Every structure is written in structure tokens, then in C-alpha cells.
Amino acid sequence: MRYLSTRGAAPILDFEAVTLAGLASDGGLYVPESWPQFSADEIAALADLSYVETAVRITLPFLGGALTEDELRSLLTEAYASFDHAAVTPLVQLDARHWLLELFHGPTYAFKDVALQAIGLLFERFLGRRDEHLTIIGATSGDTGSAAIAALAGRERLDVFMLHPEGLVSDVQRRQMTTVMAPNVYNIAVQGNFDDCQGLVKAMFNDPAFASRFHLSAVNSINWARLLLQIVYYFYAAVRLGAPGRRVSFSVPTGNFGDVFAGYAAAKMGLPIDRLIVATNVNDIVARALGHGDYSRGVVTATSTPSMDIQVSSNFERLLFDLHGRDGAGCAAAMAGFERDGRLTLDAAQRTQVATHFDAARIDADELALTLRWAHDRAGQILDPHTGIGLAAARAAPGDGPVVTLATAHPGKFRDAVERATGVCPGLPPRAQGLFDREERYDVLPNDLSAIEAFVAVRATPR
Ligand SMILES: *Cc1c(COP(=O)(O)O)cnc(C)c1O
């Protein structure tokens, strides 16, 4: 399998190189050259397999020989041994139509662990083989940072610089990052919002004088390997609910469009997904783009679902590439227009294409509170607010087929918001015991590219 940039002007890479590269050198994102196809029989055969075995089947065709099947199996076995549920991503039924897919059983109790636990091991394997060192620079609205740090802390050949918006991540999220004392982990609280952090990371990658000194890479969902590992649970859940004989819909709490893009990839690979419901909070750039063709940057509003408080969704570019007939030049021109004007409009044909897969819903604070209360009172479930956004959109969806809402975080990660809506304060997961007793370490820096570059430059290992 080979990988192309969505902007068509970066080298074509294999899986190992694409995993280590993160962003493409032309500013685009890497996508596979084609989608491996799974027949109905092959999908049906997944029903008997464990999570790890399912992951081996789904991911192997994307690796192009970067690992043997046995190497992949042992790597994934090690990655998912850190999860506290034997099913890794268990399904929970809420009522006749609705299920939750619990993606929060990893070390930092949010769905990002599902991909990052494996990626830490892939990095270690590939860097050892090449005798290289990597400087990981990431932006986080909370969950990516803690999951990346849990996956990469203490690993050799890697430094991690994680930017989070100062004061805009929950206490639990911040402490999960800042209490890790591994010498290769640097937390930076940026005086700005998440989009500022993401912009700084992009700017560092695009600054040749800086980027040429270090071997920079990313663990944001711009990294293809992350999305690949998220495709697995769409297959895993759908076959348990009757696929390929029965069509299943998924409702996905969406920020950067990574998780739901993995669902789109599963559909492209042959999984009979009925609808992909893209659920946003009031920061609704993706809902507007998919609903009305209007992808235009707004002002970020802080909400009780901080991991979705963004107004530029990096992975939307991967869909845009398909909407441009996989023409990198066309996609690059559209993105250049967006970067110039802060707006991009989908034409009628593109909107028709979007409508074959996606529905979109924007959920406000009142609808969220009602849904959290419904889940608690009617289904005996305390949900995290991100999951609540997904479930609100799922319950509003027309039709009567099964809908799986991705439960993207444990409610204990967002205790205040849950308590405000339901009156119930969720407990922390057992693994979080002691989090509030530990010492924290982080630096506060201004929203200024040269200040951040100077901080990284004196700490990172040069090429
Ligand atoms: C990251 C995150 C999301 C958004 O996922 P994207 O892939 O960025 O769309 C939703 N919920 C939680 C809890 C998250 O951590």
C-alpha cells in the first residue's frame, strides 16, 4: 500500500514512512492510494474474532509488509493489554434502537488511547529499525495530549512537546499530562485557544529553517496510522449487531473529523454502514459543511465538550480530496482558498456525494443536558458530555435501524459538566486514583511562534 498527499505535491510514501512523517511536506494529509475491499463473507467471518484478531485483519492490508502478520499480532496484543475491558471496545445497549460503543477503557479513558497505544509501539519499532530519533509536536484540546503522553512517555528515540490551551482543558485532562515526569515529555500551556495551538504546530512544520533541524512528526489525527487503528472498531461493532446482513448507523461526536473519517473509510472498504451521523456542539463548522456545503471558519465558543471546541477540522481535507475526485491539485486549490478567505463552498455534486454517507447535527447545551438526563433516568448510564452530543444526534435521527453512538470518554474525565446536567457526580475511573495528589510540571508560553520554537529548539534532539 502506498500513500498520497491530499495536495498532490509531496512524495508518495509507504506505511512506515507515513507513520513517522505525520503531515505531508506540501501541507496536505496522507491518504491510502486505494481502499482494501472486504467482501460480505470476509466481514461475516469477523464475528467470531477477538478485538485484536479483528484489528489484525483490518489493518494488515494497509501495512504493505511493514510488519509481518505475526509481528502485527504481537504488537496489537501488547497495545490492547493496557485496556481494562476484555472486549477492548464493548457495546452497551440503551434501548431497542440505541447502543453505546465504549471507547474509553484505555489508560487515559478517552478514545484516543485506542490508536495511540498501538502507535507508541509502531514508532518504537520503526525508529529502532532506522536508528533514528523523532521530535513529536502536538496540539491538544485535552484528550490527544494525555493519550499521546501515556503512549510515548519514557520511550527511547522520542521527545514529545505537547501544546494545550491554557485554562481550557479540564483539571483531569491537564493533570493526566502534567503529572507525567518522564524526561522526554514537555507540556506547554499556550496563552490562546486550541485552534491557536493547532496553528502553531502547523507553522512549525511549515517553517523550513526550524523543521530542517529536527525530525518532526505528529500524533494528531493528521497522522494516518491513528485513523487506521480507529477503522477497526466500526467493523468490530457492526458485525456484533448483525453486519453485513444488517445495516448499522454510527453517531460520532466530532471535532477534528478524524474519528468519523475512520467510519467513512470503513464504509469505503465495504462495511454496510447506513448513516454516519456527524454530531458537533455549537462549534459547528463540520455540521454546516456537510449540511449546507458551507465550510467557513467561525469563532470558537468554549463549551462543556472541549475536545470538540474547534472551528477548523483538519481531517475534513481528507474528505475534500475525495470530493475533488482524488485530484490533489484541485484539493490544494480549494484549501488555498480556504486559508485565504476562511471559507470554502461545496458545489451541488459534492453535496450529493456527501449526502450518500453523512448526516450532520449541531447540538446545543440544552439538548445536551436533556440527553444526559435521559441516559441517566431511562437507561441507567452516566455519559460524558461528548458522548452526550453523539447520543442527542443519534436520538434525533429518522428511521428505526440500529444506531451506535461512539462513547468517546469516561464521564469521570468531565465531572463538573456531568454533575451540572444530571446532579450526579461521576466517580473517577479506578486508574485515576491519586491523580490529584501528584506534582505537576509544565511551562506557560505566549501564543507566539518564535517563543515556542525557541523553547523546543533548546530541548529537542537534532537530526
Ligand atoms: C478527540 C475527541 C473527540 C473528537 O474526535 P475527532 O476525531 O477530533 O473528531 C470527541 N470526543 C472526545 C472525548 C475526544 O477526546
Side-chain angles (χ1 to χ4, degrees), residues 4 6 29 31-40 42-43 58 97-98 101 221 227-228 230-235 237-239 241-280 284-296 313-328 330-331 334-335 338 344-363 390 393-406:
L4 322 171
T6 49
L29 306 182
V31 287
E33 191 172 45
S34 61
W35 297 109
Q37 294 300 304
F38 284 72
S39 67
E42 287 168 321
I43 294 170
I58 299 299
R97 187 179 185 206
H98 293 283
L101 181 63
S221 50
L227 302 196
L228 171 59
Q230 292 170 202
I231 296 172
V232 174
Y233 48 71
Y234 287 89
F235 278 90
V239 296
L241 294 179
R246 190 183 189 205
R247 297 179 80 78
V248 177
S249 297
F250 288 89
S251 180
V252 187
T254 294
N256 236 337
F257 205 69
D259 210 4
V260 73
F261 188 85
Y264 169 79
K268 289 281 182 190
M269 291 162 67
L271 186 66
I273 292 179
D274 188 8
R275 307 300 297 164
L276 285 166
I277 302 164
V278 176
T280 71
D284 61 349
I285 180 168
V286 194
R288 280 185 282 116
L290 299 174
H292 327 288
D294 167 31
Y295 186 73
S296 62
S313 280
S314 315
N315 282 291
F316 188 70
E317 182 168 343
R318 288 189 157 110
L319 178 65
L320 200 61
F321 179 65
D322 277 9
L323 296 178
H324 280 271
R326 306 202 110 214
D327 166 32
C331 183
M335 285 308 296
F338 177 72
L344 181 161
T345 307
L346 302 183
D347 66 27
Q350 291 172 326
R351 285 161 63 181
T352 306
Q353 215 178 318
V354 161
T356 61
H357 293 283
F358 296 102
D359 289 324
R362 169 197 197 267
I363 304 298
R395 293 189 68 232
D400 53 12
V403 187
V404 176
T405 296
L406 302 196

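None of the values given here were measured: they were computed from a predicted structure.
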Between [X] (side chain only) and [Y] (backbone N and O only), is there a donor and an acceptor less than 3.5 Å apart?
X    : Y    : value
S313 : G255 : yes
R97  : G401 : yes
N256 : S314 : yes
R318 : L29  : no
Q350 : D347 : yes

In chain order, what residues pass the ring-ring contact (aromatic ring centres under 6.0 Å, His included) check against [X], with sequence neighbours excluded?
X    : answer
F235 : F38
Y233 : none
F338 : Y295

List the atom of [X], the atom of [Y], and the distance in Å for their closest heavy-atom pair.
X    : Y    : value
S296 : D294 : OG-OD1, 2.9 Å
G328 : F321 : N-CE1, 3.7 Å
P244 : A40  : CG-O, 3.4 Å
I363 : A393 : CD1-N, 3.9 Å

Quick check: do [X] and [Y] have side-chain heavy atoms less than 4.5 Å from each other?
X    : Y    : answer
L406 : Y234 : yes
L320 : T6   : no
V286 : V260 : no
L227 : F257 : no

Which residues share a side-chain hydrogen bond (donor to acceptor under 3.5 Å, both in side chains) with [X], sequence neighbours left out:
X    : result
Q230 : D259
E42  : S39
D327 : none
T280 : none

Listing, residues 269-278 side-chain donor-acceptor contacts under 3.5 Å, not counting sequence neighbours, or none:
unit_1	atom_1	unit_2	atom_2	d
R275	NE	D359	OD2	2.9
R275	NH1	A355	O	3.1
R275	NH1	T356	O	3.4
R275	NH2	A355	O	2.9
R275	NH2	F358	O	3.0
R275	NH2	D359	OD1	2.9

> Among pairs that include at least one residue of residues 260-272, which meet side-chain hydrogen bond (donor to acceptor under 3.5 Å, both in side chains), considering only residues two or more places apart or in two chains?
Replying inline: Y264-D322
> Which residue pairs pass the side-chain hydrogen bond (donor to acceptor under 3.5 Å, both in side chains) test with at least one member in residues 245-255, sequence neighbours excluded?
Replying inline: none
> For R351, which residues count as a side-chain contact (heavy atoms from CB on, under 4.5 Å) partner, sequence neighbours excluded?
Replying inline: L346
> What pairs with R362 under salt bridge (charged side-chain N to carboxylate O under 4.0 Å, His left out), at least two apart in sequence or on another chain?
Replying inline: D284
